[in-house]
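Right, one structure below, let's go through it.
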Amino acid sequence: MSGSGLPSFDPRDPLGIDDLLSDEDLAVRDTVRRWAADRVLPHVADWYERGELPGIRELARELGSIGALGMSLTGYGCAGASAVQYGLACLELEAADSGIRSLVSVQGSLAMYAIHRFGSEEQKNAWLPRMASGEVIGCFGLTEPDHGSDPAGMTTYAKRDGGDWVINGRKMWITNGSVAGVAVVWARTDEGIRGFVVPADAPGFSAPEIKHKWSLRASVTSELVLDDVRLPADAVLPEGTGLRGPLSCLSHARYGIVWGAMGAARASFEAALEYATTREQFGRPIGGFQLTQAKLADMAVELHKGILLAHHLGRRMDAGRLRPEQVSFGKLNNVREAIEICRTARTILGANGISLEYPVMRHATNLESVLTYEGTVEMHQLVLGKALTGLDAFR
Amino acid sequence: MSLRIVVCVKYVPDATGDRHFAEDLTTDRDAVDGLLSELDEYAVEQALQIADAADDAEITVLTVGPEDAKDALRKALSMGADKGVHVEDDDLHGTDVVGTSLVLAKAVEHVGYDLVLCGMASTDGTMGVLPAILAERLGVPQVTLLSEVAVADGTVTGRRDGDAASEQLQAQLPAVVSVTDQSGEARYPSFKGIMAAKKKPVESLDLSDLGIDADEVGLGGAWTKVEDAAKRPERTAGTIVKDEGEGGKQLAEFLVSQKFI
């Protein structure tokens, strides 16, 4: 206890940001932190090295049982948690591994969110409860091999054929694709871009896994192949015509990344802090050298500024006042700073920094994907640039 | 009729924190964050499983402790228990296991019960005798240290794993049962459970509500007294045994000296 009557300094929470959290927020965080410590952390380095996520279905069911899938949605078996609580969950999951957070983001913020927001009552009842429980894994197909930042150019095409739809095309870099029971696929139609709910067992649909990744290795990434996939009329999402549909889903998922990236950064910072206080060179802990302290101080400043920013955006989302430009602000800053923190942590750990015995290189290489997916750094700079100047630099 | 289960839980200082005694040699609860004793989570888990298997059951979690002990109740409620009872009174400060068992017995009777479930011990005091004393006070059978437990037709059955044998035990309800950390992993509080816990009732009781005199509890009423406490000495570097033909003997002597064998 401090003699001044002030609360003591907590290296894990130097700004006292936890004071902003309610008892329920802390309980949600505690559940996710414990789950990740029990079920992910003991195995994730091995999964990463092997480049696979064995037991992903069991993990999904466990995440469903704690309520982490589609947690900020209401009804249909979803937990109805706040945006701040969803963010805290993303942070704790990504502190374990970005791949696990990606599994949850894609399930909840992309696939389930799309059906929840744009789907018919029949579609919601058919899919959401089983997705909330983790029985069915979902994926979300927007990006194509030749169309990433500019999805308006997509070539996947859905043609009306009598009462049916027939879809042809390819989607690329699709998280959860090969294990998904259902895919939300966006396609060009004669009436603009529409979303379709595609069961994975639909003839003509396949999802081969993409191997040879040096990032998100504990995550399933796939290509979606749609060859004359015939779907009934009610497979189309009735709401959300045009690109605004998928973009609003991405904005929701991006919000989770604003928090999640800080989880990867926190794990790397903590590894570096622990290492700096125990590793001795020249007869004393390297944390006692000014160069190391400067690194640790700068890392802590950016880490907790980023968490504070995530909180601010979370409160705006809970109040229904969060603009997409503000999400871009958060994603741009937090992922960029998170990867810098991981790289700096790597230098503090020296040669040990490149080992899977420590989490920092795993987080750093994961964040290379996070830096690009759901809107690249450059796209978020352009979004902010346009919002600041009123001049559109990319369309 | 509904099966009435009461789970006795304790709010303890986090064992991963730097725990201290206060000046009066009671637990310093300000220095370290508290939480629901992890060994009691197993009792809550078994209560939830017994309730799931029963047609109709109600789980009450009961704790004796300071204001913050409500956190332990809230955790158990978020795991799925139905209601909480919190006995809090300034005169309880320094109560030992004899006094605590009296308060719990009165509170259990106040709530009404068919089955009382406890953890195998607390993670702070680790005495492990409370369930037995509580059963004596209530005048009901005690079935302690079970690693497997089930309730059917007014009977509790279970398995106690000892060093030499595993015993199958059974008792008529009402009864007091304690479960070990081998009884099955406790569930994580789900987000729905956490939200629902906010709305679950917690009844607050003090000593006068239970008809207990202040001199039966507290430091003054305690049958045991902590005379002195000292910090455990810092760990030393350890002993390295070099095997030069006598290694086995030296190891055995070391184990004997430390009372391991």
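Because the structure is a prediction, the values reported are computed rather than measured. Reminder, nothing fancy here: chain letters follow the sequence lines and each chain counts from 1.
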- Greater than 12 external heavy atoms within 6.0 Å of A:E280's CD: yes
- Full working for side-chain contact (heavy atoms from CB on, under 4.5 Å) between A:I66 and B:K192: CA-CA 8 Å; A:I66 62 177; B:K192 278 187 198 168; over 6 Å; no
- Message: Counting neighbours of CG on B:D33 that are heavy atoms of other residues, nucleotides or ligands and sit closer than 6.0 Å, is the number greater than 12?
- Response: no
- Shortest non-hydrogen contact between B:S190 and A:S65, atoms and distance: CB-O, 3.5 Å
- Item | Pair B:E41 + A:R34: basic N to acidic O under 4.0 Å | yes
- Query: Could you state the interatomic distance from CG (A:D23) to CG (B:D71), rounded to the nearest 0.5 Å?
  - Reply: 6.0 Å
- Query: So with a 6.0 Å cut-off around CZ of A:F9, is the heavy-atom count from everything else above 12?
  - Reply: yes
- Query: If we ignore angles and hydrogens, is there a donor and acceptor under 3.5 Å between the side chains of B:Y188 and A:D30?
  - Reply: no
- Message: Within the supplied structure, the quantity of interest is the number of heavy atoms (other residues, nucleotides, ligands) at a distance under 6.0 Å from B:D55 CG; does it exceed 12?
- Response: no
- Message: Please output the residues of residues 13-26 of chain B in contact with chain A, using a heavy-atom cutoff of under 4.5 Å, in numerical order.
- Response: none
- Message: Given heavy-atom pairs under 4.5 angstrom as the criterion, report whether the side chain, backbone, both or neither of A:E62 touches chain B.
- Response: neither
- Note: A:G67 and B:F191 closest approach over all heavy atoms is O-CD1, 3.1 Å
- Is the closest side-chain heavy-atom distance between B:M195 and A:V28 below 4.5 Å? yes
